[in-house]
Amino acid sequence: MDVSYILDQLNDAQRDAVTADSPGTLVLAGAGSGKTRVLVHRIAWKIQVEGLSPYSIMAVTFTNKAAREMRTRIEELLNNNVQGGMWVGTFHGLAHRLLKAHASEAGLPDNFQILDSDDQLRMMKRIHRELGLDDARWPPRQSCYFVNGHKDEGRRSAHIDDPGGDLYLQTMLRVYRRYEEICQQQGVIDFAELLLRALELWRDNPAVLSHYQQRFKHILVDEFQDTNAVQYAWLRILAGRGMPITAVGDDDQSIYGWRGARIENIQQFSKDFADTRIIRLEQNYRSTGTILSAANAVIQHNSQRLGKELWTSGEDGDPIALFAGFNEHDEARFVTDRIEELLKEDYRRADIGILYRSNAQSRVLEEALIRAGLPYRIYGGQRFYDRLEIKNALAYMRLIALRDDDTAVERVINTPTRGIGNATVETLRHYARDHQLSLWKAAVALVQSGGLAARAGNALRGFLSLVEDLAEKTAEMPLDEQVDYVLSHSGILDFHAREKGEKGQARVENLQELVSAARSFQPEDPEEDILRAFLDQAALDAGDQQADPHEDSVQLMTLHSAKGLEFPIVFMVGVEENLFPHKMSMDDPARLEEERRLAYVGITRAEQKLFLSYAESRRLHGQESFNSLSRFVREIPNELISEVRINNTVSRPTSFANGNLAAQAAAANGMALGQRVLHSIFGAGVVLSFEGQGPSARVQVNFEDEGSKWLVLQYANLQLL
DNA sequence: GAGCTACGTTTTTTT
DNA sequence: AACGTAGCTC
């Protein structure tokens, strides 16, 4: 068979990585070095050349998007559907699949449900109330961090040492225990639990483990630097007896340490998996030589690296542009001005990415883009399935599937309002706690025993029969009709329609969108209960975060969400000390290195042109701060950078450290930045910037009607207002 | 049950 | 600054 198509068009290192037959293979894939390509071609190689059955291959990713992309590209390359039976999915997705197949061995009910982060937080709030913890002193969110943090490290409450007299640990431990108890009682599991249970399933059931050890002949793991302790242990236990494993990752792009990812895993790999071969992909096909030199220079300042240097056979390209704005508005205006120029040069809006460290920075940029009439799209933000109205609707669906789901009961027992007030719910909670029952069972018991006032009892009975009725009437319906029926008969649709303003309208539209989602939903396994599959998907899949890719628009996102993407033009904004690196990360060397990796990720997103900008003064969270240029920019060699001046001429930077020079110069000339002034011809405006002194002193004024202009102070005759 | 006010929060995000 | 939430009142 001719398999040259698998190796054609690959460079030597890529070819090595695709064909390596070592038991352990660690591919250190630099940014833009063709990582996904190598993974996909390696799978094709295993199937077509080594003769592995797709059934015996497992490929793990972190996001559903990455999993989908891998599937599609395998399909394209192999030109048919030979991937049937292959396990391709996220860690969470595969763990879920495993637990469904072995629910009883894993100690779960057959119809267990997934608790997403929002559900988890609500559950935690209930536990705090039950344990009499004051939310002000004990924030429920912190308890979630505590529980998740320990689960990510593989520790259950029973594994945590006696905290002795430490009140904080004592309390957290009580919360953790109770949380575990309640989840078990209700048959719900959170995201971290999904992974931990899957690990324990294999650890404690040798027969189950051995089944999968015999089945799989090769494991491939994407973004290995993002694995946490439990994911790593899960892979180790499966591959334990010499199953070949390929890990692909980049230690320089590890940016999720704060949520449990352990960069050490990639360093540990060659020690834990026998005869590991390390292959480096260093040739970059994305960026210009200048951009790569900058990226290499920055990342070199990190210790603890496996070592890698990106190179390209392409052009050096343009220097990196650096702009110092007077404040964040000035910075935003620079960005939109530049975008308008670029659009005249044949770039499309979608070619442009604006990257920032924190979400709060987007607002000013958005305002500037709107003012300039530039369509934009923000990545990330709230998931479709996290919206209030959608969660309400899904809560009814969840109750149809599993009545014991307390989170769902709490959410909709009085939504829409049906006269079940707080007092009734509180009685219910007590009864449930005292009798170790779910809220649903407690409600049934209370209604039957008549232990409630007549009005409350009737209202509660109404809720119970509503849910029973929904379940009964929709049992035989196709999924979308079922959703539609639930929306209208639960009263949720009317409830949200009655909300005033555009909010209600938007919510109704989202609910209608939920019906369409149900209509086009295709379960992976047609045998499975479709409602359950739909609910699982809602919990595990973020849905399409980037709505409508058809409209040509500028792309805004955090540096974190930019990982894996690329743009011909990149603006990295807010490159200031305290913001980037973020001040929360500055005193810990390890976290500072993670910030630097984030800078590396940002720089390497750019294909042709990279713009860096910062604001000498920035208002954030209502606080004005004056920050100097980010150390990461100072780590880029000067000759790669050209400083952009406000009048759009370009020159070499004189000094980087002059954070507030303009303000000082202005003050020396009796002006202040931000000062309102009047010009005899141009009218009123605000002083934006200042430079020079004596007869050459120039001032930049943003006039209300004329826009911003540089004027020689001596001749401008400005009147202070 | 709606509307008001006071208060807390605000790094990064997936599953 | 801006937004969400909790708790209060009518």
Side-chain angles (χ1 to χ4, degrees), chain A residues 60-67 89-96 114-122 125 129 134-137 139-142 145 148 151-152 189-196 198 223 226-228 230-231 254-261 328 355-364 367 379-383 385-386 388 414-422 495 498-500 503 536-543 545 557-564 574 578-586 588 591-592 594-595 597-599 601-602 618-624:
Chain A
V60 203
T61 64
F62 274 84
T63 65
N64 289 294
K65 193 175 154 208
T90 63
F91 276 101
H92 291 84
L94 297 183
H96 180 234
I114 298 167
L115 214 57
D116 70 22
S117 343
D118 182 62
D119 299 331
Q120 186 187 36
L121 182 62
R122 282 164 176 274
K125 284 181 181 164
R129 202 165 27 194
D134 174 15
D135 280 0
R137 167 117 199 257
R141 198 173 292 277
Q142 198 168 9
Y145 290 142
N148 293 337
K151 283 192 184 180
D152 283 345
I189 66 178
D190 60 51
F191 290 134
E193 183 77 28
L194 225 35
L195 301 174
L196 185 50
E223 305 278 16
D226 289 338
T227 52
N228 68 25
V230 170
Q231 288 158 336
S254 164
I255 55 175
Y256 287 111
W258 49 275
R259 68 174 200 220
E328 69 273 22
L355 314 183
Y356 37 81
R357 175 69 236 269
S358 66
N359 283 308
Q361 288 169 255
S362 75
R363 209 194 82 244
V364 174
E367 286 166 3
Y379 276 50
Q382 209 187 20
R383 305 181 329 147
Y385 290 110
D386 277 346
L388 178 86
N414 201 33
T415 307
T417 42
R418 52 174 66 88
I420 304 178
N422 212 328
F495 176 76
R498 269 185 276 114
E499 282 183 279
K500 54 174 181 268
K503 211 178 190 174
D536 290 341
Q537 186 237 209
L540 285 175
D541 193 344
Q545 291 273 9
M557 69 199 76
T558 62
L559 286 155
H560 282 88
S561 20
K563 197 173 96 170
N578 293 317
L579 187 60
F580 188 33
H582 197 277
K583 62 171 173 299
M584 309 293 291
S585 304
M586 294 221 288
D588 178 349
R591 294 174 68 182
L592 185 66
E594 182 155 311
E595 296 276 322
R597 293 193 289 270
L598 199 52
V601 167
R618 179 182 300 274
R619 183 173 280 278
L620 205 59
H621 310 313
Q623 281 279 297
E624 182 111 356

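Letters A, B, ... mirror the listed sequences (proteins, then strands); counts begin at 1.
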Next item on the list: Could you check if a side-chain atom of A:M586 sits within less than 4.5 angstrom of a side-chain atom of A:E595, using non-hydrogen atoms only?
Entry: no

Which of B:dT11, B:dG1, B:dT15 is nearest the side chain of A:T417? It is B:dG1

Is_stacked (A:W258, B:dT12) at 5.5 Å, 30 deg: yes

Applying ring-ring contact (aromatic ring centres under 6.0 Å, His included) to A:Y256 and not counting sequence neighbours gives A:W258, A:H560

query = Does the distance from a Lys or Arg side-chain N to an Asp or Glu carboxylate O, for A:R619 and A:E624, drop under 4.0 Å?
reply = yes

| request: Using a heavy-atom cut-off of under 4.0 Å over every strand shown, decide if A:F91 touches base, sugar-phosphate, or nothing. | output: nothing

Whole-Å distance, A:Q120 CD to B:dT14 C1', equals 13 Å

Is there aromatic stacking of A:H560 on B:dT12 here, judged by a ring-centre distance under 5.5 Å and a plane angle under 30°? no

- Message: Mind checking if A:S117 touches a base, just sugar-phosphate, or nothing, with heavy atoms under 4.0 Å?
- Response: base

Protein-proximity profile, nucleotides 1-10 of chain C, B/S/- by nucleotide at the 4.0 Å heavy-atom cutoff, equals BS---S----

Comparing nearest nucleotides in DNA chain B, the 5'-proximal residue of the pair A:P416, A:M557 is A:P416

### Close side-chain approach of A:L115 and A:F191, heavy atoms under 4.5 Å
no

When rounded to whole Å, the CG to P distance for the pair A:D190 and B:dT13 reads 21 Å

Using a cut-off of strictly less than 4.0 Å, decide whether A:N359 has a side-chain nitrogen or oxygen near OP1 or OP2 of B:dT13. yes

Is the phosphate of B:dT13 approached by A:S561 (side-chain N or O, under 4.0 Å from OP1 or OP2)?
yes

- Query: For B:dT15, does either OP1 or OP2 sit under 4.0 Å from a side-chain N or O belonging to A:T90?
  - Reply: no

Among the nucleotides B:dT11, B:dT13, B:dT15, whichever has the atom closest to the side chain of A:H92 is B:dT15

A:Y256 has its side chain closest, among B:dT11, B:dT15, B:dT13, to B:dT13

Here the distance between atom P of B:dT11 and atom CZ of A:R591, to the nearest Å, is 11 Å

Whole-Å distance, A:L620 CG to B:dT12 P, equals 10 Å

Between A:Q231 and A:D152, a side-chain donor and acceptor under 3.5 Å
no

| query | A:V60 versus A:T90: any side-chain heavy-atom pair under 4.5 Å? | reply | no

note: A:R357, atom CZ; B:dT10, atom C1'; distance rounded to Å ~ 13 Å

Exercise. Any side-chain heavy atom of A:Y356 within less than 4.5 Å of one from A:T558?
Worked result: yes

Atom CD of A:Q142 and atom P of B:dT9 are separated, to the nearest Å, by 10 Å

To the nearest angstrom, the OH-P distance between A:Y379 and B:dT14 comes to 12 Å

- Task: Salt-bridge test for A:E367 and A:R363: reply yes if a basic N is under 4.0 Å from a carboxylate O, no otherwise.
- Result: yes

Rounded to whole Å, the CZ-P distance (A:R597 to B:dT12) equals 18 Å

